[in-house]
Amino acid sequence: MNLKSCFSGRAAGWYLALAGGVLALISIVFYAVYGAAAGERNLLIYLPLAAVVVLEVLSLFWENDWLIALAPALGMIALCAFVVDSVYTFVGYFFNLAMFGDVSMMGSIVRLCVLMGAAVLLLLVSAYLRHRKTA
């Protein structure tokens, strides 16, 4: 099976899911950079995002409704875990308190929230669209 045959006969939902998987991969890289700067490593963020990437790679070769439904759920787990980990920084930023979180990391936190949120949104929308063109 060559790469061209993987992309032939695909509908918009499949391309949106692929874009969501790419955004999940970018989120992993950005979270690794953020984690190195903030001294934070949460497997509840790494593992679901990595699972989303693996599911999207599997969907290149194998079409299954469970893959389509599981990807946004795993992405949402990672997003919620990141927001819960960052809640003290949000509190410190919005209430101008220096005792909670690291306010200097607020830009990275918002960037990661937007990236993970966009990935989940793309995966969720793609789950309701066709992945194969009908003849």
Side-chain angles (χ1 to χ4, degrees):
M1 174 185 266
N2 61 10
L3 193 60
K4 186 176 180 181
S5 67
C6 289
F7 290 98
S8 65
R10 301 295 182 161
W14 187 83
Y15 289 107
L16 287 176
L18 185 64
V22 168
L23 283 179
L25 183 62
I26 293 170
S27 297
I28 291 172
V29 172
F30 275 46
Y31 182 71
V33 171
Y34 165 79
E40 188 176 308
R41 287 180 190 89
N42 189 352
L43 286 179
L44 200 54
I45 298 169
Y46 278 121
L47 293 179
L49 285 176
V52 167
V53 173
V54 168
L55 289 175
E56 293 309 316
V57 168
L58 284 176
S59 73
L60 283 171
F61 307 106
W62 183 47
E63 189 172 336
N64 188 343
D65 290 339
W66 286 102
L67 295 177
I68 295 169
L70 194 58
L74 289 171
M76 197 62 196
I77 289 171
L79 176 62
C80 289
F82 181 70
V83 169
V84 167
D85 281 352
S86 304
V87 74
Y88 291 123
T89 305
F90 281 115
V91 169
Y93 181 78
F94 288 117
F95 292 113
N96 205 13
L97 297 171
M99 61 190 291
F100 294 123
D102 186 6
V103 179
S104 67
M105 299 301 287
M106 194 64 186
S108 298
I109 291 171
V110 171
R111 185 179 311 117
L112 273 165
C113 285
V114 168
L115 272 173
M116 286 187 216
V120 169
L121 183 64
L122 285 172
L123 291 168
L124 191 61
V125 169
S126 75
Y128 288 99
L129 296 176
R130 291 188 187 272
H131 285 236
R132 282 248 179 237
K133 290 182 181 175
T134 56

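This structure is a prediction, so every number in the text was calculated from the model and none was measured.
Leu25 approaches Val53 most closely through the heavy-atom pair N-CG2, 3.7 Å. For the pair Gly13 and Leu129, the tightest heavy-atom approach, listed with the atom from each and the gap, is CA-CB, 3.7 Å. A pairwise comparison of heavy atoms in Ser27 and Leu49 identifies CB-CD1, 4.0 Å as the closest pair.
In the hydrophobic clustering of this structure, Ile77 does not group with Tyr46; members are Ile, Leu, Val, Met, Phe, Trp, Tyr whose side-chain heavy atoms approach within less than 4.5 Å, directly or through other members. No single ILVMFWY cluster, assembled from side-chain heavy atoms under 4.5 Å apart, contains both Val52 and Ile45. When the side chains of ILVMFWY residues are joined at heavy-atom separations under 4.5 Å, either directly or via intervening members, Trp62 and Leu55 end up in a single hydrophobic cluster. Transitive grouping of hydrophobic side chains (ILVMFWY, heavy atoms separated by less than 4.5 Å) keeps Val57 and Tyr15 in distinct clusters. Cluster annotation: Ile26 and Met76 are assigned to the same hydrophobic cluster (Ile/Leu/Val/Met/Phe/Trp/Tyr, side-chain heavy-atom contacts under 4.5 Å, transitive).
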List the atom pairs, donor and acceptor, that lie under 3.5 Å between side-chain atoms in residues 103-124 and the rest of the protein, sequence neighbours left out.
unit_1	atom_1	unit_2	atom_2	d
Ser104	OG	Asp102	OD1	2.7
Ser104	OG	Asp102	OD2	3.2

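Surrounding OH of Tyr93 are at most 12 heavy atoms belonging to other residues, nucleotides or ligands under 6.0 Å away.
Note that OG of Ser59 and CG of Leu18 are 7.0 Å apart. Values are rounded to the nearest 0.5 Å. One finds the CD1 atom of Ile28 at 11.5 Å from the CG atom of Leu23 (value rounded to the nearest 0.5 Å).
Legend: side chain to side chain donor-acceptor pair (under 3.5 Å) pairs involving residues 68-87, not counting sequence neighbours, sorted by first then second residue: Asn42-Asp85.
Using bins of under 30°, 30° to 60° and over 60° for the plane-to-plane angle, the ring pair Tyr34/Tyr31 lands in the tilted bin.
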